Amino acid sequence: DQQVKQNSPSLSVQEGRISILNCDYTNSMFDYFLWYKKYPAEGPTFLISISSIKDKNEDGRFTVFLNKSAKHLSLHIVPSQPGDSAVYFCAASARNYGGSQGNLIFGKGTKLSVKP
Amino acid sequence: DSGVTQTPKHLITATGQRVTLRCSPRSGDLSVYWYQQSLDQGLQFLIQYYNGEERAKGNILERFSAQQFPDLHSELNLSSLELGDSALYFCASSGGTFYEQYFGPGTRLTVT
C-alpha cells in the first residue's frame with residue numbers, strides 16, 4: 001500500500017507559466033514533507049521542505065503548500081523554466097525512536113517538462 | 001554537489017557474488033540512509049544508521065547488510081547476488097536538527 005502517492009506521472013508546462021505538482025499521503029504520523037528533483041542516473045537533489053506545523057513554505061520560485069486535513073501537499077514553481085525539466089519526487093518522514101528523523105517514503109515521481 | 005560521496009560509481013558483477021558499496025556522509029551528519037532504486041519500484045528505503053547504531057530497517061533482504069563505522073562512513077554489503085538486485089543504490093545523510101536528507105550520486109550495480 002502506497003503511503004505517498006503522486007497520481008500524475010507527467011506534466012507539461014509552457015515556459016514562464018506555473019507548474020503545480022501534487023502529492024497525497026495516508027499516514028497521519030508523517031511530520032515532515034520534502035520535494036526532490038532528480039535527473040536520470042543522478043541522486044535526488046533536495047528542493048524544499050515543510051514541517052507539519054506549517055501550511056506554506058517559500059524559497060525563491062518554489063513554494064510548497066500543505067493541507068493536513070486533506071493529507072495533500074503541492075509544489076508550485078513560478079515561473080517555470082526549461083531547466084526545471086526533471087522528475088520531481090514527493091517524500092514524507094516521521095521521527096523514529098530517539099527523536100532522529102526516520103527514513104523517507106517516496107512517491108513514484110512526476111516527470112515535469114517545461115517547453116520553451 | 002551534496003557533499004555525500006559514494007564509491008564505486010558503477011559495478012558489474014556476476015550472480016552469486018558479493019559486493020560492498022561505500023558511502024561518506026556530509027561533514028557532521030550522524031545519520032546515514034541507504035535506498036534502492038530499481039526500474040519498476042522507485043526509491044525504496046533499505047536501512048538507517050545513526051552514529052554507528054542501526055536505527056531503522058526497511059525492506060532489506062537478509063542477503064544485504066550494512067554498518068556505520070566510527071568515522072561515520074557506511075558500507076552496504078550485498079551477497080549471493082541475483083539478477084533482480086541490479087539497481088541504483090543511493091546513500092543519503094542528515095544531521096542535527098535538520099530533517100532534510102542529502103543524497104549521493106549513487107552506485108549503479110549490474111548483476112549479469
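The structure displayed is predicted, hence computed values, not measured ones. Residue numbers begin at 1 in each chain, while the letters A, B, ... track the order of the sequences.
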Task: Straight-line distance of A:N103 CG to B:Q101 CD, nearest 0.5 Å - done: 7.5 Å
When you group the ILVMFWY residues by side-chain heavy-atom contacts below 4.5 Å and let the links chain together, are [Y] and [X] in the same group?
X: B:L43; Y: A:V87; value: yes
X: B:V4; Y: B:Y89; value: no
X: B:F45; Y: A:F89; value: yes
X: A:F46; Y: A:V4; value: no
X: A:L34; Y: A:L112; value: no

Open item on the list: Can a donor-acceptor pair be found, under 3.5 Å and without considering hydrogens, that links the side chain of B:Y35 to the backbone of A:L104?
Closed with: yes
Task: Pair A:Y32-B:E100, side chain to side chain contact (heavy atoms under 4.5 Å, CB included): steps then yes or no - done: CA-CA 9 Å; A:Y32 210 73; B:E100 293 79 14; 2.9 Å; yes
Task: A:K38 versus B:F90, closest heavy-atom pair with distance - done: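 Answer, listing the atom of A:K38 first, then B:F90: CE-CZ, 3.8 Å.
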TODO: Of all the heavy-atom pairs spanning B:F103 and A:P44, show the shortest one and how long it is.
DONE: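 In this case the closest contact between B:F103 and A:P44 is CB-O, 3.4 Å.
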Task: Structural part of B:L88 lying under 4.5 Å from a heavy atom of chain A - done: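 Answer is side chain: those atoms of B:L88 sit under 4.5 Å from chain A.
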TODO: Heavy-atom pairs under 4.5 Å with chain A are the metric here; pick the option from B:Q44, B:R108, B:Q37 that has the most.
DONE: B:Q37
Task: Fellow cluster residues of A:Y39, listed by chain then number, with links counted only when side-chain atoms sit under 4.5 Å apart - done: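 Listed partners: none, A:Y39 stands alone.
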Task: Inter-chain contacts: residues 10-30 of chain A against chain B, heavy atoms under 4.5 Å - done: none
TODO: Enumerate by number any residue of residues 56-84 of chain A whose heavy atoms lie under 4.5 Å from heavy atoms of chain B; in the absence of such residues, state 'none'.
DONE: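 Residues in range: none.
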TODO: Would you mind listing every disulfide (SG to SG under 2.5 Å) that reaches into residues 43-90 of chain B, with sequence neighbours excluded?
DONE: none
